[in-house]
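Because the structure is a prediction, the values reported are computed rather than measured. To find a chain, count down the sequence lines: A is the first, B the second, and so on, and within it residues start at 1.
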2 protein chains.
Amino acid sequence: MNDGMPPQMGQSLLFLTDEQLRKGIEAMFFAYRGFTADPDRILAQKSYGRAHHRAIHFIHRSPGTTVNNLLSILGVTKQSLNRVLRSLIEDGLVASTVGQRDKRERHLHLTEAGAELERALSDAQRDRMRAAYRAAGPAAVAGFRQVLEAMMDEETRHHYEAMKDRPE
Amino acid sequence: MNDGMPPQMGQSLLFLTDEQLRKGIEAMFFAYRGFTADPDRILAQKSYGRAHHRAIHFIHRSPGTTVNNLLSILGVTKQSLNRVLRSLIEDGLVASTVGQRDKRERHLHLTEAGAELERALSDAQRDRMRAAYRAAGPAAVAGFRQVLEAMMDEETRHHYEAMKDRPE
DNA sequence: CTTGGAATGTCAACAAAGCTGACGTATTGT
DNA sequence: ACAATACGTCAGCTTTGTTGACATTCCAAG
């Protein structure tokens, strides 16, 4: 590897070479495939897709959330979300209730069936994550999270932080 | 948070709680959006998509690679890749040459224009990665890579390892 | 030398999931 | 009363993935 840097440059910045960055980019690409592979298999059986998974995940995460809130978390248009949400409601996995204070709002909850699918999906995803965490160790996990957080968009990070430490 | 674990359990395994795993899952989701955001903006202007980016990236990475090899790296069908590849070839960003030893194979290279787009895309992506790396520091980066590698599928990891240390 | 299989390319049809734009309805706040 | 907000929906378009079918070209084994 010759990236034009002087040989006397300390090792401390070696993790910023183009080669290191490229490896990081490829690691993200390949790892994300693994990250979604297990839930994808479950979803395919029920003829759902990743969009359904994401909706289910964040409704589980923030029960009673409104459509608008979900929209801004997911970063998609309401038309796109509506298609997914409609099928989940029709299939009885999600319940949509008119708001108390503001009747324009719809509050979203998982039904028992929805919670069951959520468990199946997140169990599969957590199993892989757990194996990766266990293999890498606590220090690596801390670094993993640090880099990922630094990689987010500003606005996205606010969503992430906002639900970061909410109790289960 | 009450996940049913005894309070006397050491801190050493705290990074394996469901809550920690869930945070990791959400961090992956949000970070991947940031990871693709910058190249996506460039691609949208040229009416290309992520599939074009991926093809360009790995052709740049492994010049002269065959279609079949690219297929297995990207994990898509040949019909899907072919559509993308055809447009790149038509637009003069990728050159496809018949193999010497085996004339059934097509060897793929970036043209000068293709290399130019590749630079624009990877510069944008690397800038964000560099900022994240710099913010997190070398130890965090090592952990980041460790966890990502442990998260890959077996077969995928082989692709990753295979091109891991090839010189630029 | 013939034939089977591998590598590639192409056509057609389809689905998931994103987008824009337009419009309707109910409700809220000014 | 009226404007803005929240939501749902219709129509149409794009990208990117999928199957299935089929032709071509070529290598290699029989």
> When you measure from the side chain of A:K78, which nucleotide among D:dG8, C:dG18, D:dT18 comes out closest?
Replying inline: D:dG8

> Of the nucleotides C:dT27, D:dT9, C:dG9, which has the atom closest to the A:R86 side chain?
Replying inline: D:dT9

> Nearest to the side chain of A:D102 - C:dT28, C:dT20, C:dA17?
Replying inline: C:dT28

>> So that I can tick it off, tell me whether B:R22 and B:E19 are bridged by a salt bridge, with the cut-off set at under 4.0 angstrom between side-chain N and carboxylate O.
In response: yes

>> On DNA chain C, compare the nucleotides closest to B:Q79 and A:L81; which residue's is nearer the 5' end?
In response: B:Q79

> Hey, does A:G75 reach any base, or is it just sugar-phosphate, or nothing, if we go heavy atoms under 4.0 Å?
Replying inline: sugar-phosphate

> Relative to the 5' end of DNA chain D, which residue comes earlier, A:N69 or B:K103, by the nucleotide with the nearest heavy atom?
Replying inline: A:N69

>> What is the separation between atom NE2 on A:H53 and atom C1' on C:dA16, rounded to the nearest whole Å?
In response: 16 Å

>> I'd like to know if A:R104 reaches the base of D:dT5 with its side chain, counting only an N/O donor and acceptor under 3.5 Å.
In response: yes

> Whole Å only: how far is the CD1 atom of B:I89 from the P atom of C:dG9?
Replying inline: 7 Å

> B:F30 vs A:Y160 aromatic rings, parallel, tilted or perpendicular, using cut-offs 30° and 60°?
Replying inline: perpendicular

>> Looking at B:H52, I'd like to know whether one of its side-chain N or O atoms comes within less than 4.0 Å of OP1 or OP2 on D:dT15.
In response: no

> If you take atom types as modelled and just measure distance, does the side chain of A:R106 reach the base of D:dG8 with a donor-acceptor pair under 3.5 Å?
Replying inline: no

> Picking from C:dT27, D:dG17, C:dA7, which would you name as closest to the side chain of B:S80?
Replying inline: D:dG17

> Expressed in angstrom and rounded to an integer, what is the separation of A:E105 atom CD from C:dG29 atom C1'?
Replying inline: 14 Å

> Which residue, A:R50 or A:Q100, contacts DNA chain C at a nucleotide closer to its 5' end, judged by nearest heavy atom?
Replying inline: A:R50

> Just wondering, are more than 12 heavy atoms of other shown residues or ligands nearer than 6.0 Å to CD in B:Q79?
Replying inline: yes

> If only side-chain N and O atoms of A:T77 are considered, is one of them under 4.0 Å from the OP1 or OP2 phosphate oxygen of C:dC19?
Replying inline: yes

>> Using whole Å, what does the distance between atom P of nucleotide C:dA17 and atom CG of A:L85 come to?
In response: 13 Å

> Short question: side chain of B:D102, backbone of B:R104 - any donor-acceptor pair under 3.5 Å?
Replying inline: yes

>> Rounding to an integer number of Å, can you tell me how far B:R33 CZ sits from C:dG18 C1'?
In response: 13 Å

>> Rounded to whole Å, how long is the line connecting atom CG of B:L70 with atom P of C:dT8?
In response: 10 Å

> Looking at C:dG9, D:dC26, C:dA22, which one has an atom nearest to any side-chain atom of B:S96?
Replying inline: C:dG9

> Hey, is B:R126 close enough to A:D18 for a salt bridge, meaning N to O under 4.0 Å?
Replying inline: yes

> Could you give the CG-to-C1' distance, from A:N82 to C:dG21, as a whole number of Å?
Replying inline: 16 Å

> What's the verdict on ring-ring contact (aromatic ring centres under 6.0 Å, His included) for B:F58 and A:F29, showing C-alpha distance, side-chain angles and the deciding distance?
Replying inline: CA-CA 11 Å; B:F58 285 109; A:F29 169 65; 5.7 Å; yes

>> Rounded to whole Å, please give me the gap between CZ in B:R83 and C1' in D:dT14.
In response: 11 Å

